[in-house]
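The block underneath contains the structure these notes are about, expressed in structure tokens.
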Amino acid sequence: MGLKLRGDNPSVFVTYGWCRSSYAVLRSLGRKGLTVHVGDASPAAMSRFSRYAASFSRLPDFFVEPERYIDCLLEALKKTGAEILLACHEDVGLVSRYRERFPEHIRMAVPAWESYQAAEDKLRLMEIASQYGCPVPRTYAAAEGELEKLSKELAFPVVLKTRIGNSAKGVAIAHHAEELKEKYRFLADTYHLAGERLPFLQEFLPGRAAGVCAVYDHGRPLAFFAEEYLRCKEPGRFGTSTLRRTLEEPALVESGRRVLDGLKWHGPVHLDFIQDAEGVYRLIELNPRPWGAMALAIYAGVDFPWLWYRLAAGENLTFTDIKPAKIMCRWILGDFLALSNRLRNGLWGEAAQILRWHSGCYHDDFTWTDPFPFFAQNLDYLVKYIKAGGRMNPVTKNMVR
């Protein structure tokens, strides 16, 4: 499919190696015989222990030390000789912002800094998506003094969000007016938000949750894939998905396309949608980077990492209309966290559903041919869980803002 593999294909450096999305990228490219180097802040990063990792470089936490991260990343690229850089998390934004610091021979496919800024800001994204004809939830940017008035007009429950965050960090649900005030103040105090950065409100959407995955070449789509979230770490499809399946929903993909075309996107991207009471999918956020559930698309036949690599390498690509296989994919560790959550909250029926076996289901984080990353992932999560004082979704400084 496209670029022919030769012995002289440029080697690649994959960042954020502790995460299963990076592992999906590593595994896809490594199985094709490419030389793939890995970097991460954690010495127990799962990708480090993959049979497909040519080397591992310890990097700083880019949320905490962004400029030092770029310095160390440049040094790692020089040391490994990698020519293709695939930044696999929010460091996409850093790489885009400091693009001029990278030597000309380092090739990448990241969005323009202006596009990235617009996409990661959840409030600003709602305005942009509406302009391009993509349905969004009713959204309110409100100062704390306006909450009492709004609480008389809103239908509860109401969703509160910080403008920037990931994996449901900086998100809360209020079921009545008093809880709205409490959680608004909690988010503002916890993440030191003020002025224009204060939390905003959105209507609660009760329907099915789904995602649109894509890779773009300077505003031109190269591939799409849609998925439905069957289960998440938190009850009610809240938080990161742990079980999902292929979804055929052309109208949903078209909504996502309007936004990405308008942003003139470049590189991989993922959009989250939830249905309203009438069944209309409404955009709730955009992940301007590789997404955690990327393994589902790869197993279904849409190899986003391979397309991304070829795009970064400079290949002239055309739109790939692939009919994906109808499959399911599960994040094993994520389901364990979801099970723990249900048991703690006495949700015995939902807990029993997590233990249900799905024949033919694939997995984000385990394969028999490359088993060690799975065990490293579990150890890494355990260490982070202990350091975070028992929180299952720990927040790094500057991650939510």
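With hydrogens and angles left out, the side-chain atoms of Tyr23 and Asp364 include no donor and acceptor closer than 3.5 Å. A donor-acceptor contact closer than 3.5 angstrom is absent between the side chains of Asp276 and Tyr281.
Between Phe336 and Thr242 the shortest side-chain heavy-atom distance does not fall below 4.5 Å. Two residues are said to be in side-chain contact when any heavy atoms from C-beta on lie closer than 4.5 Å; Ile332 and Asp335 fail this criterion. For the pair Arg257/Tyr216, a side-chain contact is recorded, criterion being any heavy-atom separation below 4.5 Å from C-beta on.
Ring orientation note: the planes of Phe304 and Phe225 are nearly perpendicular, at an angle over 60° on the 30°/60° scale. Ring orientation note: the planes of Trp18 and Tyr16 are nearly perpendicular, at an angle over 60° on the 30°/60° scale. Using cut-offs of 30° and 60° on the angle between ring planes, the pair Trp368 and Phe366 is perpendicular.
Residues Lys32 and Asp303 are paired through a salt bridge, judged by an N-O separation under 4.0 Å between the basic side chain and the carboxylate. Ion pair Asp217/Lys264 not flagged as a salt bridge, since none of the NZ, NE, NH1 or NH2 atoms sits closer than 4.0 Å to an Asp/Glu carboxylate oxygen. For Arg163 and Glu120, the salt-bridge test fails: no basic side-chain N is under 4.0 Å from an acidic carboxylate O. For the pair Asp71 and Arg101, the salt-bridge criterion is met [side-chain N within less than 4.0 Å of a carboxylate O]. Using a 4.0 Å cut-off between charged nitrogen and carboxylate oxygen, Arg48 and Asp40 do not count as a salt-bridge pair.
A cation-pi contact, defined as under 6.0 Å to the ring centre and within 45° of the axis, is absent between Arg342 and Trp348.
For His176 (side chain) and Glu179 (main-chain N/O), a donor-acceptor pair under 3.5 Å exists by modelled atom type. When atom types are taken as modelled, the side chain of Ser241 and the backbone of Tyr229 share no donor-acceptor pair closer than 3.5 angstrom. In this structure, Asn378 contributes its side chain and Ala376 its backbone to no donor-acceptor pair below 3.5 Å. Under the 3.5 Å distance criterion, the side-chain polar atoms of Ser50 are left unmatched by any main-chain donor or acceptor of Pro373. In terms of modelled atom types and a separation under 3.5 Å, the side chain of Ser151 and the main chain of Ala177 share no donor-acceptor contact. Using modelled atom types, one side-chain atom of Asp61 and one backbone atom of Phe63 make a donor-acceptor pair closer than 3.5 Å. In this structure, Glu65 contributes its side chain and Phe62 its backbone to no donor-acceptor pair below 3.5 Å. A donor-acceptor distance shorter than 3.5 angstrom exists from the side chain of Arg107 to the backbone of Ala313, with no hydrogens or angles considered. In this structure a side-chain-to-backbone donor-acceptor pair under 3.5 Å is present from His266 to His218. Looking at Arg208, its side chain never comes within 3.5 Å of a backbone N or O of Gln275 through a donor-acceptor pair.
Note that the SG atom of Cys329 and the CD1 atom of Ile327 stand 6.0 Å from one another [nearest 0.5 Å]. The structure places CD1 of Ile173 at 5.0 Å from CZ of Phe204, a figure rounded to the nearest 0.5 Å. Interatomic distance, CG of Leu123 versus CD1 of Ile164, reported as 11.0 Å (0.5 Å rounding). To the nearest 0.5 Å, atom CZ of residue Arg258 and atom CG of residue Leu263 are 14.0 Å apart. A distance of 12.5 Å separates CD1 in Ile84 from CZ in Arg310, rounded to the nearest 0.5 Å. Leu230 CG to His358 NE2: the interatomic distance, rounded to the nearest 0.5 Å, is 7.5 Å.
Remark: Asp189 CG is packed, more than 12 non-hydrogen atoms of other residues, nucleotides or ligands lying under 6.0 Å away. The number of heavy-atom neighbours closer than 6.0 Å to CD of Glu254, taken from other residues, nucleotides and ligands shown, is above 12. For CZ of Phe186, the number of neighbouring non-hydrogen atoms (other residues, nucleotides, ligands) closer than 6.0 Å is 12 at most. Applying the 6.0 Å contact sphere to CD of Glu196 captures no more than 12 heavy atoms from other residues, nucleotides or ligands. Remark: Glu148 CD is loosely packed, at most 12 non-hydrogen atoms of other residues, nucleotides or ligands lying under 6.0 Å away.
Checking each of Val12, Leu73, Val14 against Leu85 for a side-chain contact (heavy atoms from CB on, under 4.5 Å) leaves exactly one that passes, namely Leu73. Exactly one of Val212, Leu125, Asp121 qualifies for a side-chain contact (heavy atoms from CB on, under 4.5 Å) with Leu286. That residue is Leu125. Checking each of Leu247, Leu296, Val302 against Pro324 for a side-chain contact (heavy atoms from CB on, under 4.5 Å) leaves exactly one that passes, namely Val302. Screening Arg245, His270, Arg244 for a side-chain hydrogen bond (donor to acceptor under 3.5 Å, both in side chains) involving Glu227 leaves a single residue, His270.
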- request: Determine, stepwise, if the pair Ile354 / Arg330 fulfils side chain to side chain contact (heavy atoms under 4.5 Å, CB included).
  value: CA-CA 10 Å; Ile354 295 174; Arg330 181 181 195 175; 4.1 Å; yes

task: Check step by step if side chain to side chain contact (heavy atoms under 4.5 Å, CB included) holds for Cys88 and Trp308.
output: CA-CA 11 Å; Cys88 288; Trp308 188 20; 4.0 Å; yes

field: Worked check of side chain to side chain contact (heavy atoms under 4.5 Å, CB included) between Leu260 and Val269
entry: CA-CA 9 Å; Leu260 298 173; Val269 64; 3.6 Å; yes

task: Give the intermediate values and the outcome of side chain to side chain contact (heavy atoms under 4.5 Å, CB included) for residues Ser11 and His37.
output: CA-CA 8 Å; Ser11 59; His37 304 278; 4.3 Å; yes

field: Pair Glu350-Arg231, salt bridge (charged side-chain N to carboxylate O under 4.0 Å, His left out): steps then yes or no
entry: CA-CA 10 Å; Glu350 289 191 27; Arg231 183 164 57 241; over 6 Å; no

